[in-house]
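For ligands, and for the atoms within them, numbers begin at 1 and follow the listed sequence. Just so you know, residue 1 is the first one in the sequence shown, and it goes up from there. The basis for the numbers below is simple: all heavy atoms, side chains too, and nothing from hydrogens, waters or symmetry mates.
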Amino acid sequence: MAEDLTITEGSKEERYQALLPQIKALIEGEPDTIANLANISAALKEQFNWLWIGFYLVKNNELVLGPFQGPVACTRIKKGRGVCGTAWEKAATLVVPDVEKFPGHIACSSLSRSEIVLPVIHNEEVVAVLDVDSVLLNDFDDTDKKYLEEIISWIAISV
Ligand code: SME
(Lines give C-alpha, C1' and ligand atoms only; values in the text may rest on other atoms or scores of the structure.)
Protein backbone atom coordinates (compact mmCIF):
# COMPACT_ATOMS: atom_id res chain seq x y z
CA MET A 1 0.00 0.00 0.00
CA ALA A 2 1.00 3.63 -0.27
CA GLU A 3 2.42 4.74 3.04
CA ASP A 4 0.10 7.72 3.40
CA LEU A 5 -2.31 8.09 6.25
CA THR A 6 -5.68 9.75 5.84
CA ILE A 7 -6.36 11.88 8.89
CA THR A 8 -10.01 12.16 9.88
CA GLU A 9 -11.92 14.88 11.71
CA GLY A 10 -14.95 14.10 13.82
CA SER A 11 -15.73 12.30 17.04
CA LYS A 12 -13.14 10.09 18.72
CA GLU A 13 -15.19 7.05 17.63
CA GLU A 14 -15.21 8.22 13.99
CA ARG A 15 -11.48 8.90 14.04
CA TYR A 16 -10.71 5.43 15.39
CA GLN A 17 -13.05 3.82 12.87
CA ALA A 18 -11.25 5.53 10.01
CA LEU A 19 -7.81 4.79 11.45
CA LEU A 20 -8.15 1.11 12.37
CA PRO A 21 -8.36 -0.31 8.83
CA GLN A 22 -5.40 1.85 7.83
CA ILE A 23 -3.30 0.50 10.70
CA LYS A 24 -4.37 -3.03 9.82
CA ALA A 25 -3.26 -2.50 6.21
CA LEU A 26 0.07 -1.06 7.37
CA ILE A 27 1.02 -4.03 9.52
CA GLU A 28 -0.67 -6.84 7.61
CA GLY A 29 1.87 -9.04 5.89
CA GLU A 30 4.83 -7.44 7.70
CA PRO A 31 6.38 -9.98 10.07
CA ASP A 32 8.86 -7.60 11.73
CA THR A 33 7.48 -6.62 15.13
CA ILE A 34 9.61 -3.48 15.61
CA ALA A 35 8.57 -2.15 12.19
CA ASN A 36 4.92 -2.70 13.07
CA LEU A 37 5.18 -1.13 16.54
CA ALA A 38 6.90 1.87 14.96
CA ASN A 39 4.15 2.37 12.39
CA ILE A 40 1.37 1.90 14.95
CA SER A 41 2.98 4.60 17.13
CA ALA A 42 3.36 6.95 14.16
CA ALA A 43 -0.20 6.40 12.89
CA LEU A 44 -1.69 7.09 16.34
CA LYS A 45 0.48 10.20 16.73
CA GLU A 46 -0.57 11.52 13.32
CA GLN A 47 -4.26 10.98 13.94
CA PHE A 48 -4.56 12.02 17.59
CA ASN A 49 -1.42 14.09 18.24
CA TRP A 50 -1.16 12.89 21.83
CA LEU A 51 1.97 13.89 23.76
CA TRP A 52 3.59 10.45 23.79
CA ILE A 53 2.67 7.13 22.22
CA GLY A 54 4.84 4.09 22.36
CA PHE A 55 5.74 0.62 23.45
CA TYR A 56 7.79 -0.85 26.27
CA LEU A 57 8.94 -4.42 25.66
CA VAL A 58 9.43 -7.02 28.40
CA LYS A 59 13.12 -8.02 28.32
CA ASN A 60 14.88 -9.88 31.16
CA ASN A 61 12.01 -9.14 33.54
CA GLU A 62 12.05 -5.38 32.92
CA LEU A 63 10.16 -3.07 30.58
CA VAL A 64 12.58 -1.60 28.04
CA LEU A 65 11.71 1.34 25.80
CA GLY A 66 10.67 0.33 22.29
CA PRO A 67 9.34 2.23 19.27
CA PHE A 68 7.61 5.49 20.20
CA GLN A 69 6.63 8.97 19.08
CA GLY A 70 7.08 11.99 21.32
CA PRO A 71 9.63 13.38 23.76
CA VAL A 72 12.53 11.24 24.99
CA ALA A 73 11.43 8.87 27.76
CA CYS A 74 12.82 6.72 30.56
CA THR A 75 14.34 3.57 29.14
CA ARG A 76 13.66 0.94 31.82
CA ILE A 77 10.72 0.32 34.17
CA LYS A 78 10.53 -2.44 36.76
CA LYS A 79 7.50 -4.67 37.31
CA GLY A 80 4.97 -2.95 39.56
CA ARG A 81 6.51 0.51 39.09
CA GLY A 82 4.58 3.42 37.60
CA VAL A 83 1.52 3.02 35.44
CA CYS A 84 3.35 0.86 32.91
CA GLY A 85 4.84 -1.54 35.47
CA THR A 86 1.47 -1.81 37.22
CA ALA A 87 -0.39 -2.59 33.97
CA TRP A 88 2.25 -5.26 33.32
CA GLU A 89 1.95 -6.75 36.83
CA LYS A 90 -1.86 -6.80 36.72
CA ALA A 91 -2.02 -7.77 33.03
CA ALA A 92 -4.79 -5.20 32.74
CA THR A 93 -5.49 -1.93 30.96
CA LEU A 94 -5.13 1.11 33.24
CA VAL A 95 -6.83 4.42 32.51
CA VAL A 96 -5.38 7.21 34.65
CA PRO A 97 -7.46 10.41 34.44
CA ASP A 98 -4.97 12.45 36.51
CA VAL A 99 -1.41 11.17 36.66
CA GLU A 100 -0.65 13.23 39.78
CA LYS A 101 -3.17 11.10 41.66
CA PHE A 102 -1.59 7.79 40.63
CA PRO A 103 0.79 6.69 43.41
CA GLY A 104 4.22 6.00 41.94
CA HIS A 105 3.49 7.51 38.54
CA ILE A 106 6.76 7.92 36.63
CA ALA A 107 6.85 11.40 35.12
CA CYS A 108 8.87 11.05 31.92
CA SER A 109 7.48 14.42 30.80
CA SER A 110 6.15 17.11 33.11
CA LEU A 111 3.57 17.92 30.42
CA SER A 112 1.74 14.61 30.82
CA ARG A 113 -1.63 14.93 32.61
CA SER A 114 -3.47 11.69 31.83
CA GLU A 115 -2.44 8.29 30.58
CA ILE A 116 -3.67 4.91 29.33
CA VAL A 117 -1.52 1.78 29.40
CA LEU A 118 -2.54 -1.51 27.77
CA PRO A 119 -0.78 -4.86 28.10
CA VAL A 120 0.14 -6.78 24.95
CA ILE A 121 -0.47 -10.42 25.81
CA HIS A 122 1.01 -13.39 23.98
CA ASN A 123 0.62 -17.02 25.16
CA GLU A 124 -1.00 -15.69 28.36
CA GLU A 125 2.04 -13.57 29.21
CA VAL A 126 2.50 -9.82 29.01
CA VAL A 127 5.23 -9.27 26.42
CA ALA A 128 4.91 -5.49 26.01
CA VAL A 129 2.75 -2.53 26.97
CA LEU A 130 1.34 0.29 24.87
CA ASP A 131 1.56 3.60 26.75
CA VAL A 132 -0.24 6.78 25.65
CA ASP A 133 0.14 10.14 27.41
CA SER A 134 -1.90 13.30 26.95
CA VAL A 135 -1.33 16.93 27.93
CA LEU A 136 -5.05 17.06 28.82
CA LEU A 137 -6.56 15.82 32.07
CA ASN A 138 -9.01 12.94 31.72
CA ASP A 139 -8.34 12.45 27.99
CA PHE A 140 -8.85 8.66 27.85
CA ASP A 141 -12.00 6.60 28.28
CA ASP A 142 -13.63 3.31 27.30
CA THR A 143 -13.57 4.27 23.61
CA ASP A 144 -9.78 4.49 23.68
CA LYS A 145 -9.59 1.26 25.67
CA LYS A 146 -11.78 -0.56 23.15
CA TYR A 147 -9.99 0.55 19.99
CA LEU A 148 -6.44 0.48 21.35
CA GLU A 149 -7.06 -3.04 22.68
CA GLU A 150 -8.23 -4.04 19.22
CA ILE A 151 -5.10 -2.60 17.61
CA ILE A 152 -2.75 -4.39 19.99
CA SER A 153 -4.61 -7.67 19.50
CA TRP A 154 -3.21 -7.62 15.93
CA ILE A 155 0.40 -7.48 17.07
CA ALA A 156 2.28 -10.72 16.64
CA ILE A 157 5.19 -10.30 19.01
CA SER A 158 8.43 -11.89 17.86
CA VAL A 159 11.20 -9.88 19.49
N1 SME B 1 4.30 7.46 32.94
C2 SME B 1 4.76 6.11 32.75
C3 SME B 1 6.20 6.07 32.35
C4 SME B 1 6.43 6.06 30.88
S5 SME B 1 6.31 7.55 30.17
O6 SME B 1 5.05 8.22 30.45
C7 SME B 1 6.62 7.53 28.56
C8 SME B 1 4.53 5.31 34.02
O9 SME B 1 4.17 5.86 35.06
O10 SME B 1 4.75 4.10 33.96
Is R15 atom CZ crowded by more than 12 heavy atoms from other residues, nucleotides or ligands, each under 6.0 Å away? yes
Under 6.0 Å between ring centres, would you say that holds for Y16 and F48? yes
Applying side chain to side chain contact (heavy atoms under 4.5 Å, CB included) to V58 and L63, what does each step give before you reach the verdict? CA-CA 5 Å; V58 175; L63 289 174; 3.7 Å; yes
Verdict with supporting geometry, W52 and E115, side chain to side chain contact (heavy atoms under 4.5 Å, CB included): CA-CA 9 Å; W52 198 92; E115 181 163 1; over 6 Å; no
Who are the residue neighbours of ligand 1 when the rule is a heavy atom under 4.0 Å from any of its atoms? W52, Y56, A73, I77, G82, V83, C84, H105, I106, C108, E115, D131, D133
Please list, chain by chain and in numerical order, all residues satisfying salt bridge (Lys or Arg N to Asp or Glu O under 4.0 Å) with K90, sequence neighbours excluded. none
How about NZ on K79, more than 12 heavy atoms from neighbouring residues, nucleotides or ligands closer than 6.0 Å, or not? yes
